[in-house]
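The structure under discussion appears below in the form of structure tokens.
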Amino acid sequence: MKRLENRANFLTEKIQEQDSRQSQTLILTEMKKIGIEKLPYSYSALKKFIDSKTMDVHYNKHYKGYVEKLNKALKKKDYGDLELEQIVKSINRFDTTIRNNAGGAFNHALFWKMLSPKKQNPSGELLEKIKKDFGSYEKFKKEFEQVSKDRFGSGWAWLILTKTNKLKIISTPNQDNPLMLSNKEGGYPILGLDLWEHAYYLKYQNKRDEYIQNFWDVVNWKFVNDLFEMKSKTKLKENLILKNVLKETNFDDTKESIRFIFNMNPKVKSIFKESINSIFENVITENYSRKSFINKLQTNPLAFSVLLEHTNNLLEKENKEKIEIIGVPITKQINETIRFVLFLENNKSRFFNTNSSVFKKLLSIIESYNQKI
Ligand code: MN3
């Protein structure tokens with residue numbers, strides 16, 4: 001176990017090194033927050049591609065509308081703090097209103113950044129990858145145009161990076177997004193084109209092909225390239241970690257596995273921590289030292305395991321899919337943790353009342369932990 005922990009610490013350090021790179025961190029946080037992204041240029045700056053009236057209405061009415069409606073819908077359901085990318089990635093757990101507006105908010109936040117008033121060309125690692133996966137830049141452009149033309153009705157065309165690290169061009173209907181698709185078809189969006197009539201109709205009317213053609217004059221390849229590099233490195237990182245975990249996956253002890261996951265994938269720990277905090281703000285009324293109890297519980301792998309075990313027992317009784325966190329890829333760990341904490345949240349009175357057996361077990365864990373120290 002010591003060797004595993006050393007390895008985990010080493011990997012965690014490497015991850016933090018990579019994540020600290022300024023441009024990457026910026027893109028990440030911007031895609032995660034649920035708020036109005038600033039338009040990085042004036043309404044008239046992209047006139048080769050689109051007129052200022054359309055940009056104004058597209059940005060101020062359509063895009064802001066998605067963000068506002070998303071926030072309203074989330075508030076109604078009382079989900080607590082969620083990140084935009086998390087919602088999009090686990091969209092099947094949400095209703096249609098959230099699906100459409102989370103897609104709209106995410107896709108447009110990306111789209112504004114993917115455009116630039118200055119004509120650019122792809123370069124560096126991305127250009128090499130385009131040549132490798134499509135044959136040439138010209139062939140790539142042709143395929144992207146064709147997929148865009150073939151989209152019937154409203155939707156988007158995308159260049160995506162698949163789970164197996166390949167570039168692929170796909171199209172999605174409505175405000176759907178490549179992150180919403182199953183592993184096999186989907187991937188991370190690197191470049192996208194809005195094919196809704198609201199994006200072009202004032203200038204082009206029925207000439208959508210011309211709009212698609214002019215897109216190449218305004219693609220912000222610098223941003224697209226950054227996004228590609230960030231995502232391809234994340235992918236490599238996930239594969240590397242998973243490979244290491246699978247190689248030494250002799251955990252009989254859930255607690256140790258969870259401790260290992262906490263180390264390797266700090267996001268799991270932080271989602272659990274935040275959720276327990278918000279749950280306890282509502283349910284704890286007893287007279288033991290509330291703060292220190294919560295502080296210990298929210299970062300304790302054994303407490304996590306106990307809650308997970310009880311959650312899975314209940315899910316099994318209800319004939320629902322169990323939550324799988326151990327031995328699955330990092331992105332799945334995060335999605336499953338969200339499902340786990342949403343379940344805890346919805347069943348908090350059952351789990352966290354002083355008479356429940358789970359709660360007594362949690363208390364005894366914390367007490368024995370205190371004695372050891
Ligand atoms: Mn649009």
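Counting convention: from 1, in listed order, for ligands and their atoms alike.
- Distance alone, capped at 3.5 Å, places no donor-acceptor pair between the Lys139 side chain and the Ile130 backbone.
- Sorting the N, O or S atoms of His108 by how far they are from the Mn ion (ligand 1) puts NE2 first.
- For the Mn ion (ligand 1), the N/O/S atoms of His58 include one lying under 2.8 Å.
- At the Mn ion (ligand 1), the vertex angle linking OD2 of Asp194 with NE2 of His198 is 120° (nearest 10 degrees).
- Results of the side chain to side chain contact (heavy atoms under 4.5 Å, CB included) test with Leu167 over Asp133, Thr162, Ile160, Leu191 single out Asp133 as the only residue that passes.
- Between His108 and His58, a ring centre-to-centre spacing shorter than 6.0 Å is recorded.
- Separation of the Trp112 and Tyr41 ring centroids does not fall under the 6.0 Å cut-off.
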